[in-house]
Amino acid sequence: MSAPDRIDQLALPERMLRLPSFLFVHLAKQWRRLGGARFEHDLRGQHLMILASLEDHGASSQKEISERLGIDASDLVALLDDLEKAGLANRKRDERDRRRYAVMPTPAGAKALRQRLVEVERLNQEMLAPLTPAEREELHRLLLKLFESYR
């Protein structure tokens with residue numbers, strides 16, 4: 001069943017459809033459903049954020065990653081364990097400060113990030129297909145404005 005067919009069958013209360021927060025949550029569930037069906041490996045959004053951050057900022061300490069991305073330090077350890085186990089990132093003692101670990105993506109991690117971002121872009125195109133290019137740009141601009149106000 002395609003996304004539009006599924007939505008056509010829903011009979012959601014009108015008063016809920018007037019709430020942007022309800023629409024955000026409902027669309028996020030749809031995004032996760034479509035993404036979960038499409039992505040067979042275990043890279044989740046936070047894994048991608050970490051890999052992208054490491055590519056953008058270079059090798060970083062766990063504390064720097066945690067602060068930069070707003071990920072709780074204990075959650076970050078588990079995410080880095082996932083990436084390390086999959087061969088997508090490495091942690092090694094920081095040569096400047098032996099108390100810290102420097103985290104860096106592996107070549108496989110950089111490749112996995114590039115491939116997944118292409119797949120995510122396709123999913124975005126599919127989910128936003130009902131919008132014109134101008135509407136997509138406007139939606140993106142508005143979402144960035146909201147995002148920036150809560151950083």
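Please read these numbers as outputs of a predicted model, since none were measured by experiment. Nothing fancy with the numbering, it's 1 onward along the sequence.
Remark: Glu138 engages Arg141 in a salt bridge, criterion side-chain N to carboxylate O under 4.0 Å. The residues Lys145 and Glu148 are annotated as not salt-bridged, no charged nitrogen and carboxylate oxygen being separated by less than 4.0 angstrom.
Atom NE2 of His140 and atom CG of Leu131 lie 13.0 Å apart (nearest 0.5 Å). Considering OG of Ser21 and CE of Met16, their distance stands at 7.0 Å, rounded to 0.5 Å. Interatomic distance, CD of Glu137 versus CG of Leu142, reported as 12.0 Å (0.5 Å rounding). One finds the CG atom of Leu113 at 9.5 Å from the CG atom of Leu88 (value rounded to the nearest 0.5 Å). Atom CG of residue Leu80 and atom CG of residue Leu76 lie 4.0 Å apart, to the nearest 0.5 angstrom. Between Leu123 atom CG and Leu128 atom CG the span is 9.0 Å, to the nearest 0.5 Å.
Residue Gln46 is tested with Leu83, Asp82, Asp75, Leu79 for a side-chain contact (heavy atoms from CB on, under 4.5 Å); the sole match is Leu79.
Every pair tested for side chain to side chain donor-acceptor pair (under 3.5 Å) that includes a residue from residues 104-114 fails, sequence neighbours excluded, so the list is empty.
Side chains of Ile65 and Ser60 form a contact here, defined as non-hydrogen atoms less than 4.5 Å apart. His26 is not listed as a side-chain neighbour of Gln30, based on a closest heavy-atom distance of 4.5 Å or more. Between Glu121 and Leu117, the closest side-chain pair of non-hydrogen atoms is not below 4.5 Å. A 4.5 Å side-chain heavy-atom check between Val120 and Trp31 finds every atom pair outside the cut-off. Residues Glu64 and Arg100 meet the side-chain proximity criterion, which asks for heavy atoms closer than 4.5 Å.
Remark: Glu84 pairs with Arg91 by the side chain to side chain contact (heavy atoms under 4.5 Å, CB included) rule, at least two apart or across chains. Here Arg93 pairs with Tyr101 under the side-chain hydrogen bond (donor to acceptor under 3.5 Å, both in side chains) rule; sequence neighbours left out. Remark: Glu67 engages no residue in a side-chain hydrogen bond (donor to acceptor under 3.5 Å, both in side chains) (not counting sequence neighbours). Listed by chain and residue number, nothing satisfies the salt bridge (Lys or Arg N to Asp or Glu O under 4.0 Å) test with Arg15 (two or more places apart in sequence, or in another chain).
Both Leu43 and Leu69 belong to a common hydrophobic cluster when Ile, Leu, Val, Met, Phe, Trp and Tyr are linked at side-chain heavy-atom distances under 4.5 angstrom. The same ILVMFWY cluster, assembled from side-chain heavy atoms under 4.5 Å apart, contains both Leu146 and Leu139. By the criterion of side-chain heavy atoms lying less than 4.5 angstrom apart, applied directly or through intervening Ile, Leu, Val, Met, Phe, Trp or Tyr residues, Val25 is not grouped with Leu27; the two fall into different hydrophobic clusters.
In the displayed structure, Phe22 atom CZ is contacted under 6.0 Å by more than 12 heavy atoms of other residues, nucleotides or ligands.
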Please report, to 0.1 Å, the donor-acceptor pairs under 3.5 Å made by any side chain of residues 48-59, with sequence neighbours excluded.
unit_1, atom_1, unit_2, atom_2, d
Ser53, OG, Arg68, NH1, 2.8

Side chain to side chain donor-acceptor pair (under 3.5 Å) evaluation trace for Glu119 with Gln115
CA-CA 6 Å; Glu119 295 168 358; Gln115 289 173 335; over 6 Å; no
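Closest approach of Ala73 to Ser66, counting heavy atoms only: N-OG, 3.7 Å.
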